[in-house]
Asker: 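Before I ask anything, let me first share the structure, which is written out below as structure tokens.
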2 protein chains.
Amino acid sequence: MTTHSKKLEKYNPASESFDIKEFPFYWVARVNALYSREMEKTLKPMGMDIARWRVAAILQFNGPSSISELALHAIGKLPTITKIVYRMRDAGLVEVNASESDGRVAIVTLTEEGHKQVDMVLDMTTKKVFSRAFKGFSEPQIKKTNELLKRLFVNLSAD
Amino acid sequence: MTTHSKKLEKYNPASESFDIKEFPFYWVARVNALYSREMEKTLKPMGMDIARWRVAAILQFNGPSSISELALHAIGKLPTITKIVYRMRDAGLVEVNASESDGRVAIVTLTEEGHKQVDMVLDMTTKKVFSRAFKGFSEPQIKKTNELLKRLFVNLSAD
DNA sequence: AAAATTTAGTTGACAATTCAACCTTTAGCG
DNA sequence: CGCTAAAGGTTGAATTGTCAACTAAATTTT
């Protein structure tokens, strides 16, 4: 019993009539790559990269977080985030402390310097990347984009 | 002169009222990561990874391509793609030949074995990942998702 | 409450990616 | 034509990411 109509076949990679240009994940990957590359340009001159940036941004917006939380939101395997965090600590961007309530948990906090860097990046990228990407988008369209992406995310999150 | 309404501020990372959960690129990155992770599960057992998969898929759908074209569509820096391609050649998935018309260009072609692997992956991932991700999506919604992503891509592509 | 399991994080060995520097071949230009 | 620049690709060194194995703290079982 299939819940999909014949028309959906075009979007299905295993179908004969499949067209990669109509496959949303192809575009998700390319948009992500393009956005990352654009960010890189801004980050490089200040000795940052996307990995560090993601962690810093999450810390700025979500406040102090454990390594696991960072792995979840900033996207990455635990060992990867661990190493990024300690590189960032060596660079003076974050502090790492054991949680009071749970001895296993390492809480990462942005330093003053870290906050300054985030503000600087936001300042430089906002006009350069954000407004360019959404040129011609109305508010409902941005909202719609977000909604659809969130739904994809939720669907993929479910085991 | 600004073309954006006050309401758009919420989506703008540099704005005071910015909410990272309403920032589309945050979701683009997370969706991409989740999709990749899901694909990885299928690819790992057959000795593939996402990088190889992207290259193979592009070759399957676009036909023989130069290294630069692969770098563009499969997303990656030139040296990265070069190395992936030669790893794939050593694994018997592709052939590499100099272009007839331009001595600088290396044309990459999927072998029989390569095609077989792509078909196999498509077969295994289609039901597992694609249909799960788009559960509850109507055809117009998938179409809309694609449109919005393409627009973002085009906007970001423009210098 | 002791033993077993799970959760959170770290580390070292290995694999993959990236940056720079380089080599060819092609395209432009006076 | 001959010179210079640009395009396409490759390679080695350095960086970064990943897997597997491990430690320690907390939770669950019994």
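Here is the naming used below: chain letters follow the sequence lines, and residue numbers restart at 1 for every chain. Remember, predicted model here, so these are calculated numbers, not experimental data.
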Asker: Kindly point out which of dA20(C), dT17(C), dG9(D) is positioned nearest to the side chain of Pro79(B)?
Answerer: dA20(C)

Asker: Counting side-chain heavy atoms from CB outward, which of dT10(C), dG9(D), dT17(C) is closest to Tyr86(B)?
Answerer: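 Nearest to the side-chain atoms of Tyr86(B), counting from C-beta on, is dG9(D).
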
Asker: Rounding to a whole Å, what distance do you find between Ile75(A):CD1 and dG17(D):P?
Answerer: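 For the pair Ile75(A) CD1 and dG17(D) P, the rounded distance is 13 Å.
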
Asker: Expressed in angstrom and rounded to an integer, what is the separation of Asp90(B) atom CG from dA16(C) atom P?
Answerer: 12 Å

Asker: Taking only the side-chain heavy atoms of Lys77(B) (C-beta and beyond), determine which of dG8(D), dT18(C), dT6(C) contains the nearest atom.
Answerer: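 Nucleotide nearest to Lys77(B)'s side chain: dT18(C).
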
Asker: Taking Phe25(B) as the fixed residue, which of Tyr35(A), Trp53(A), Phe130(A) is the one that meets the ring pair (Phe, Tyr, Trp, His ring centres under 6.0 Å) rule?
Answerer: Tyr35(A)

Asker: Starting at CG of Leu78(B) and ending at C1' of dC22(C), how long is that distance when rounded to a whole Å?
Answerer: 14 Å

Asker: Assert yes or no for the condition that the ring centre distance of Tyr26(B) to Phe23(B) is strictly below 6.0 Å.
Answerer: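 They do not qualify: ring centres at least 6.0 Å apart.
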
Asker: Whole Å only: how far is the NZ atom of Lys41(A) from the C1' atom of dT18(C)?
Answerer: 17 Å

Asker: Rounded to whole Å, how long is the line connecting atom CG of Leu70(A) with atom P of dT10(C)?
Answerer: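 Distance, rounded to whole Å: 11 Å.
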
Asker: What is the distance, rounded to the nearest whole Å, between atom CD1 of Ile84(B) and atom C1' of dG9(D)?
Answerer: 15 Å

Asker: Among dT10(D), dT18(C), dT25(C), which is the nearest nucleotide to the side chain of Thr82(B)?
Answerer: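 For Thr82(B), the side-chain atoms sit closest to dT10(D).
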
Asker: Less than 4.0 Å between a side-chain N and a carboxylate O, is that true for Glu22(B) and Lys143(A)?
Answerer: no

Asker: Please report the distance, rounded to the nearest Å, between CZ in Arg37(B) and P in dT18(D).
Answerer: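 Value for this atom pair: 12 Å.
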
Asker: State whether Glu40(B) and Arg52(B) are salt-bridged, where the test is any N-O pair (Lys NZ or Arg NE/NH1/NH2 against Asp/Glu carboxylate O) under 4.0 Å.
Answerer: no

Asker: Is the closest side-chain heavy-atom distance between His73(B) and Arg54(B) below 4.5 Å?
Answerer: no

Asker: In terms of the nearest nucleotide of DNA chain C, which residue is placed more toward the 5' end: Ser66(A) or Arg87(B)?
Answerer: Ser66(A)

Asker: Compare side-chain N and O positions of Arg89(B) against OP1 and OP2 of dT10(D) and report whether any pair is under 4.0 Å apart.
Answerer: no

Asker: Which of these nucleotides, dG9(C), dT18(C), dT10(D), is closest to any side-chain atom of Ile67(B)?
Answerer: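 Nearest nucleotide to the side chain: dT10(D).
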
Asker: Can you find a donor-acceptor pair, distance only, under 3.5 Å between Lys83(B) side chain and dG12(D) base?
Answerer: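 Flag set: donor-acceptor pair detected.
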
Asker: Does a side-chain N or O from Arg52(B) land closer than 4.0 Å to OP1 or OP2 of dA15(C), or not?
Answerer: no

Asker: Taking for each residue the nucleotide of DNA chain D bearing the nearest heavy atom, is the 5' side occupied by Asp49(A) or by Glu100(A)?
Answerer: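 The 5'-side residue here is Asp49(A).
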
Asker: Taking the minimum atom-to-atom distance to the side chain of Asp102(B), which one of dT11(C), dT26(C), dG17(D) wins?
Answerer: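 Nearest listed nucleotide: dT26(C).
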
Asker: Indicate yes or no for a side-chain donor-acceptor contact from Gln141(B) to the backbone of Ser138(B) under 3.5 Å, with no hydrogens or angles considered.
Answerer: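 Yes, Gln141(B) side chain to Ser138(B) backbone: donor-acceptor pair under 3.5 Å.
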
Asker: What is the distance, to the nearest angstrom, from the CD1 atom on Ile81(B) to the P atom on dC19(C)?
Answerer: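 These atoms are roughly 13 Å apart.
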
Asker: Side chain of Lys44(B): nearest nucleotide among dC19(C), dC19(D), dT10(D)?
Answerer: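 Closest nucleotide to the Lys44(B) side chain: dC19(D).
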
Asker: Determine whether any donor atom in the side chain of Arg104(A) lies under 3.5 Å from an acceptor atom in the base of dT7(C), or the reverse, and answer yes or no.
Answerer: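 Looking at the base of dT7(C), it does pair with a donor or acceptor on the side chain of Arg104(A) (distance under 3.5 Å).
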
